[in-house]
Amino acid sequence: MPLLKVIVASTRPGRIGRGIGDWFAGHAAEHGGFDVEIVDLAEVGLPFLDEPEHASTGNYVHQHSKEWSATIGEADAFVFVMPEYNYAFSAPLKNAIDFLYYEWRYKPVGFVSYGGMSGGLRAVQMMKQVVTTLRMVPAGEAVTVFTRRQLDADGRLTVDEGLSASATGMLDELGQLTAAMSAMRSAS
């Protein structure tokens, strides 16, 4: 089965992203179309980009970059679980992306976004510009968590039928994209 990496993009103390990521990873595992692994950027702990050469060379001198390259390189598809901060995506996510280049290419990506009034939709729109430059293909289906409505008093995600249906729809589309794009990866 193809390998889906669910990347939790917030590293902020007190964040809700890990809980949302855990829910989505569980849903993806039950979906059955992928082997699923969660990658938490708070646990990965990448420093601010510190490689002396451009990522497109693939010449990494730091062990953390080599490990990050292996983590991303083995994936067939991704889902970014991402907050919206100040109308944009988080700096740790952009930093994690910028460490690499070829490892991202020709792989599909889905988005589970969260935020107050917008549910993170503005951050997703900005991130689509970044991922398409890397020749990733974003899924049209997405999961949007409006935190003011979908978190309980303790800050835990309340999953309803609509949220589950959007997750299933995105996973179905990611499965189709993964199959279609595997030929592109093997040719490059």
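Taking the side chain as every heavy atom from C-beta outward, Met181 and Pro108 approach each other to under 4.5 Å. Side-chain contact between Glu37 and Thr71: absent, with no pair of heavy atoms (C-beta onward) separated by less than 4.5 Å. Between Arg18 and Asp22, some side-chain heavy-atom pair lies under the 4.5 Å cut-off.
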Show, in sequence, the C-alpha distance, side-chain angles and deciding distance for Lys5 and Phe78, and conclude whether the side-chain contact (heavy atoms from CB on, under 4.5 Å) test is met.
CA-CA 5 Å; Lys5 299 269 183 158; Phe78 302 97; 3.8 Å; yes

The test is side-chain contact (heavy atoms from CB on, under 4.5 Å); show your working for Glu53 and Val61 and say whether it passes.
CA-CA 9 Å; Glu53 293 192 43; Val61 298; 5.7 Å; no

Run Tyr114 and Leu157 through side-chain contact (heavy atoms from CB on, under 4.5 Å) and show every step you take.
CA-CA 11 Å; Tyr114 59 95; Leu157 181 64; over 6 Å; no

Check the pair Asp172, Glu141 against side-chain contact (heavy atoms from CB on, under 4.5 Å), reporting the backbone distance first and the verdict last.
CA-CA 9 Å; Asp172 289 345; Glu141 298 290 329; over 6 Å; no

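Atom CG in Asp154 sits 13.0 Å away from atom CD1 in Ile16 (nearest 0.5 Å). One distance of note links CG of Leu93 with CE of Met82; it measures 6.0 Å at 0.5 Å rounding. Note that the CG atom of Leu46 and the OG1 atom of Thr11 stand 10.5 Å from one another [nearest 0.5 Å]. In this structure, the separation between CD1 on Ile38 and CZ on Phe24 is 10.0 Å, given to the nearest 0.5 Å. Remark: Glu103 CD to Glu74 CD distance equals 11.5 Å, nearest 0.5 Å. Atom CD of Glu67 sits about 11.5 Å away from atom CZ of Phe99, to the nearest 0.5 Å.
Nearest approach of Gly110 to Ala139, heavy atoms of both residues: CA-CB, 4.4 Å. Nearest heavy atoms, Asp76 versus Pro2: OD2-CA, 3.3 Å. Between Ala96 and Leu41 the shortest heavy-atom distance is CB-CD2, 3.9 Å. Val81 and Gly17 make their closest contact through CG1-O, 3.8 Å (heavy atoms, listed as atom of the first residue, atom of the second, distance). The heavy-atom pair separating Ser10 from Ala42 by the smallest distance is O-CB, 4.4 Å. Of all non-hydrogen atoms in Ala9 and Pro92, the two that sit nearest each other are O-CB, 3.8 Å.
A donor-acceptor pair is defined here as one N or O able to donate and one able to accept, closer than 3.5 Å; such a pair exists between the side chain of Lys107 and the backbone of Ala75. Judged by distance alone, the side chain of Asp35 and the main-chain N or O of Leu3 form no donor-acceptor pair under 3.5 Å. A donor-acceptor pair under 3.5 Å is absent between the side-chain atoms of Thr158 and the main chain of Leu151, judged by distance alone.
Atom CD of Glu161 is surrounded by 12 or fewer heavy atoms from other residues, nucleotides or ligands within 6.0 Å. By the neighbour-count criterion of 12 heavy atoms within 6.0 Å, atom CG of Asp152 is densely surrounded, having more than that number from other residues, nucleotides or ligands.
The existence of a salt bridge linking Asp160 and Arg149 is excluded, since no basic side-chain nitrogen approaches an acidic carboxylate oxygen closer than 4.0 Å.
Side-chain heavy atoms closer than 4.5 Å link hydrophobic residues (I, L, V, M, F, W, Y) into clusters, and following such links, possibly through other members, connects Val109 to Met126. Leu134 and Tyr102 fall within a single hydrophobic cluster, where Ile, Leu, Val, Met, Phe, Trp and Tyr are joined by side-chain heavy atoms under 4.5 Å apart, directly or via other members. Cluster annotation: Trp104 and Val137 are assigned to distinct hydrophobic clusters (Ile/Leu/Val/Met/Phe/Trp/Tyr, side-chain heavy-atom contacts under 4.5 Å, transitive). In the hydrophobic clustering of ILVMFWY residues, with side-chain heavy atoms under 4.5 Å counting as a link, Val159 and Val79 come out together. In the hydrophobic cluster analysis, where Ile, Leu, Val, Met, Phe, Trp and Tyr join through side-chain heavy atoms closer than 4.5 angstrom, Leu4 is grouped apart from Val131.
The aromatic ring centroids of His64 and Trp68 lie 6.0 Å or more from each other.
Screening His27, Glu30, His31, Glu173 for a side chain to side chain donor-acceptor pair (under 3.5 Å) with Thr168, the sole residue that qualifies is His27.
Using modelled atom types and a 3.5 Å distance limit, the side chains of Arg135 and Tyr101 yield a donor-acceptor pair.
Relative to the ring axis of Tyr87, Arg122 places its NZ or CZ within 45° and under 6.0 Å from the centre.
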